[in-house]
Amino acid sequence: MPDTRRLTWRDRLYRFDMRYLPYLMIAPFFLLFAVFGLFPLLFNGVVALRNYELDDPTLPYWAGLDNFTRLAGDEDFWNALYNTFGIFLLSSVPQLLLALVLASLLNRRLRAQTWWRVGVLLPYVTPIVASTMVFSVFFSRDFGLANWLLGPFGGGDAPIDWRADKLHSWIAVATMVNWKWIGYNALLYLAAMQSIPRDVYEAAAIDGAGPWKQLWRITVPMIQPVVVFTVVLSTIGGLQLFTEPMLFDLNAQAATGGPNGEWQTIAQLIYKVGWKDLNLGYAAAMSWALFLIILVIAGINTWLTSRLSGGRT
Amino acid sequence: MGRAPQDTPAGLGTYLLLAVTILFSVFPLYWMFVIATSDDEALAMIPPAVVPGDRFLVNLEEVFSLQDVFFAAGLINSLVVSTVVTASVLFFCSLAGFAFAKLRFKGSGWLMLFVVLTLTVPNQLGIVALYIVMGKLGWNGTLLAVVAPGLVTAFGVFYMRQFIVNSVPDELVESARVDGATTMRIYRSMVLPAIRPALAVLGLLTFVATWNDFQWPLITLSGTDFPTSMVAISDLASGNYVIYRRVLAGAFVATIPLLVMLFVGGRQIVRGIMEGAVKS
């Protein structure tokens, strides 16, 4: 009976197709995430408890909590943490505020609408490596455009050495971050703004609210979920800042973030400890500490943002 | 008076402010080109040079002929890595997105939630262990180490699922089944044609992100003869005396493909970012 045999074969194929194929289709993501995402993150915790010095394999296998206790007393770590937060504040706050203003400009009825939107994305597609090199020249002490432009306003006698102290180097690095992300965030805000019902504005206008008041009283509260989203996004990004501080350094390969670590960030310090000092175990401890810090900050941020913008989540 | 902002014709002030914004966006790129086309003196002048010079080809030739930077290899590698990653992301993410959107299987809801949750895990924080894993696999220093972690992304799966839910009608899938079409057949002849716009968006975003990636390629590829273009630029910029006209000539060349993409696919990129925002 060849017919039934063919049927069972087709049955089996059908059953495979309906029951198992879906799992096969989603498997690549889960496999890849397990191997290159989740496992490294967890394994990082194990490495952090070990001596893993590439240049000294004779050390005892386990280090216990040594790496973490060393972290607590490590001035470089606290300095880098301080810098990271400083740069983060100088970048995320103006970035999101300016993005909001830009979005409200883009939200008007514009000629050549698409081209304005594409235009503000120019920084987003520019490689950070490339733009950082430009800004690096822009912020040079003797012949930099920044100092030349500031000339008429500043004291005038001494040019600003953007790489000499914390505040100036932070401003320079934050400028690069802001330049890159304002347009992108503006588009996120714009998307949310366009789904706000129009009659809300009509009612507000009748009550005599001008454009500025409308932005802060209506638009911002109504796009609050996206605001929270961008705050979380820029927190995660800001605390992992790497490329800009790396390449702003005139001696980038040293990964010190300035002669005295003026603008060395945590991500940069992890790179230095792991791949310049070859102490992977200690670097792993640092990245685990950073992971915990990000979790805490993201939590606080979400809570704070929802409180500040009306308490609706 | 009583109109919503999106119905109010923009005034002169709006256009002026937008024009200033665009100027700020363009200026670093323009200045990159200025320095890339200048000689050394142009960088040591007050006021600084703001007009392009005529030495672009000279500077470029220097960049490509440097013995220890491998810039040409970097460009080729970036092209290979970005193309492979983009093609793979499009294939695997559309498959998984299709499964999550239209196929019924046990646990699909939970598994999708898991995918979304992984979006919040900063992979970069496992970077030390990732390096060790790649070392065990023997992949450090090879393009495999750069390509493998990006072959399929949570964002891509999520994005594809959202799009397929809306653009492929359930009835169509059902009737194809009744006609005896297999799942892969449905994927090929119904899903793929319907999601072309989403493929374009995800492809552009993935290509840009992969091309621009720096930290992980730096860690795994630096010191090799086969860096990506971003690592090669950072090699150009290291050493005691950095020659910026070279660095920026290289940087400019490595930026051109992305500018072309923005010019060609700008509308799609904008839409992709805006749609991603509303749905998340």
Side-chain angles (χ1 to χ4, degrees), chain A residues 17 21-22 25-26 28-29 32-33 36-37 40-41 43-44 47 102 105 107-110 114 116-123 125-131 133-134 137 143 145 148 187-188 191 194 198 201-202 205-206 226 229 236 240 242-243 247 252-253 274-275 280 283-284 287 290-291, chain B residues 1-2 4-10 14 17-18 21-22 25-26 28 31-32 43-44 46-48 92 95-96 99 103 105 118 122-126 128-130 133 149 151-152 157 182-183 208 212 214-215 219 230 233-234 237-238 244 247-248 251 255 258 262 266-267 270 273-274 277-278:
Chain A
D17 201 63
L21 193 62
M25 290 162 80
I26 62 169
F29 170 77
L32 224 65
F33 178 72
F36 298 120
L41 198 68
F43 185 46
N44 227 17
V47 178
L102 179 57
L105 292 177
N107 196 27
R108 308 237 164 97
R109 219 175 72 208
L110 290 166
T114 310
W116 293 111
R117 294 180 187 172
V118 171
V120 301
L121 269 190
L122 210 55
V125 301
T126 306
I128 304 183
V129 170
S131 58
M133 296 318 303
V134 181
V137 180
F143 304 104
L145 208 52
W148 183 70
L187 286 188
L188 299 188
Q194 296 198 327
R198 297 173 183 214
Y201 288 104
E202 282 161 29
I206 290 166
V226 179
F229 176 69
I236 293 174
Q240 298 184 76
F242 178 77
T243 308
L247 296 179
Q253 291 293 321
W275 286 276
L280 287 179
S287 48
L290 182 60
F291 180 54
Chain B
M1 246 321 264
Q6 55 265 53
D7 298 323
T8 317
T14 304
L17 285 172
L18 282 176
T21 309
I22 301 290
S25 303
V26 176
W31 213 40
M32 192 191 306
L43 269 176
I46 284 190
F92 286 120
L95 264 188
L103 305 181
F105 53 100
T118 64
N123 280 343
Q124 202 197 314
L125 296 182
V128 173
L130 185 64
V133 169
L151 288 177
V152 41
V157 174
T182 60
T183 305
V208 170
N212 290 347
F214 177 60
Q215 187 179 15
I219 286 172
M230 295 301 124
I233 293 169
S234 83
S238 62
Y244 280 100
V247 178
L248 292 171
T255 308
L258 305 179
L262 185 68
R267 198 182 290 264
V270 167
I273 291 172
M274 288 179 63
V278 174

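Order of the sequence lines sets the chain letters (A, B, ...), proteins ahead of strands, with each chain counted from 1. Because the structure is predicted, anything quoted here is derived from the model rather than measured.
- Nearest approach of A:Leu188 to A:Val226, heavy atoms of both residues: O-CG1, 3.8 Å.
- Considering only heavy atoms from C-beta on, A:Gln194 comes within 4.5 Å of B:Met274 through its side chain.
- Per-residue counts of heavy-atom pairs under 4.5 Å with chain B were compared for A:Gly37, A:Ala284, A:Pro22, A:Gly274; the largest is that of A:Pro22.
- Considering only heavy atoms from C-beta on, B:Leu125 comes within 4.5 Å of A:Leu41 through its side chain.
- Nearest heavy atom pair, residue B:Leu95 against residue A:Met25, reads O-CE, 3.4 Å.
- Closest heavy-atom contact between A:Leu110 and B:Ala10: CD2-CB, 3.5 Å.
- Heavy atoms of B:Thr183 lying under 4.5 Å from chain A belong to its backbone as well as its side chain.
- A:Leu122 touches chain B through backbone and side chain together, each having a heavy atom under 4.5 Å away.
- For B:Leu248, the part lying under 4.5 angstrom from a heavy atom of chain A is the side chain only.
- For chain A, the option among B:Leu130, B:Val133, B:Val157 with the highest count of heavy-atom pairs below 4.5 Å is B:Leu130.
- No other option in A:Gly119, A:Pro127, A:Ser287, A:Ala130 has as many heavy-atom pairs under 4.5 Å with chain B as A:Pro127.
- Within the 4.5 angstrom heavy-atom criterion, atoms from both the backbone and the side chain of A:Leu280 approach chain B.
- Both the backbone and the side chain of A:Phe29 have a heavy atom closer than 4.5 Å to some heavy atom of chain B.
- For B:Leu151, the parts sitting under 4.5 Å from any heavy atom of chain A are the backbone and the side chain alike.
- Contact annotation for B:Val270: both backbone and side-chain heavy atoms come within less than 4.5 Å of a heavy atom of chain A.
- In this structure, the portion of A:Phe242 lying under 4.5 Å from any heavy atom of chain B is its side chain and not its backbone.
- Proximity to chain B is limited to the side chain of A:Leu32, based on heavy atoms less than 4.5 angstrom apart.
- Between B:Leu18 and A:Leu102, the closest side-chain pair of non-hydrogen atoms falls below 4.5 Å.
- Contact record, B:Ala99 with A:Ile26: CB-CG2, 3.8 Å, taken as the closest heavy-atom pair.
- Only the side chain of B:Ile22 comes within contact range of chain A, with heavy atoms under 4.5 Å apart.
- When heavy atoms are compared at a cutoff of 4.5 Å, A:Trp116 approaches chain B by way of both its backbone and its side chain.
- Interface remark: A:Thr114 contributes side-chain atoms only to the contact with chain B (heavy atom separation under 4.5 Å).
- Nearest heavy-atom pair across A:Phe36 and B:Pro149 is CD1-CA, 3.9 Å.
- Both the backbone and the side chain of B:Phe105 come within contact range of chain A, judged by heavy atoms closer than 4.5 Å.
- When each of A:Val129, A:Val120, A:Leu290 is scored by its heavy-atom pairs under 4.5 Å with chain B, the top score falls to A:Val129.
- Chosen from B:Leu103, B:Val208, B:Leu258, B:Leu262, the residue pairing most often with chain A at heavy-atom distances under 4.5 Å is B:Leu262.
- For the set B:Arg267, B:Gln215, B:Met32, the count of heavy-atom pairs under 4.5 angstrom toward chain A peaks at B:Gln215.
- Between A:Leu21 and B:Thr182 there is no side-chain heavy-atom pair separated by less than 4.5 Å.
- Contact record, A:Pro40 with B:Ala129: O-CB, 3.1 Å, taken as the closest heavy-atom pair.
- Counting heavy-atom pairs under 4.5 Å between each of B:Ala96, B:Pro28, B:Ala237, B:Ser238 and chain A puts B:Pro28 at the top.
- Residues B:Val128 and A:Trp275 meet the side-chain proximity criterion, which asks for heavy atoms closer than 4.5 Å.
- When heavy atoms are compared at a cutoff of 4.5 Å, A:Leu145 approaches chain B by way of both its backbone and its side chain.
- A heavy-atom distance below 4.5 Å is found between the side chains of A:Leu121 and B:Ile273.
- The most heavy-atom pairs under 4.5 Å with chain A, out of B:Gly266, B:Pro122, B:Ala251, B:Ser234, come from B:Pro122.
- Side-chain contact between B:Met230 and A:Ile128: absent, with no pair of heavy atoms (C-beta onward) separated by less than 4.5 Å.
- Looking at A:Val137, both its backbone and its side chain come within 4.5 Å of chain B, counting heavy atoms on both sides.
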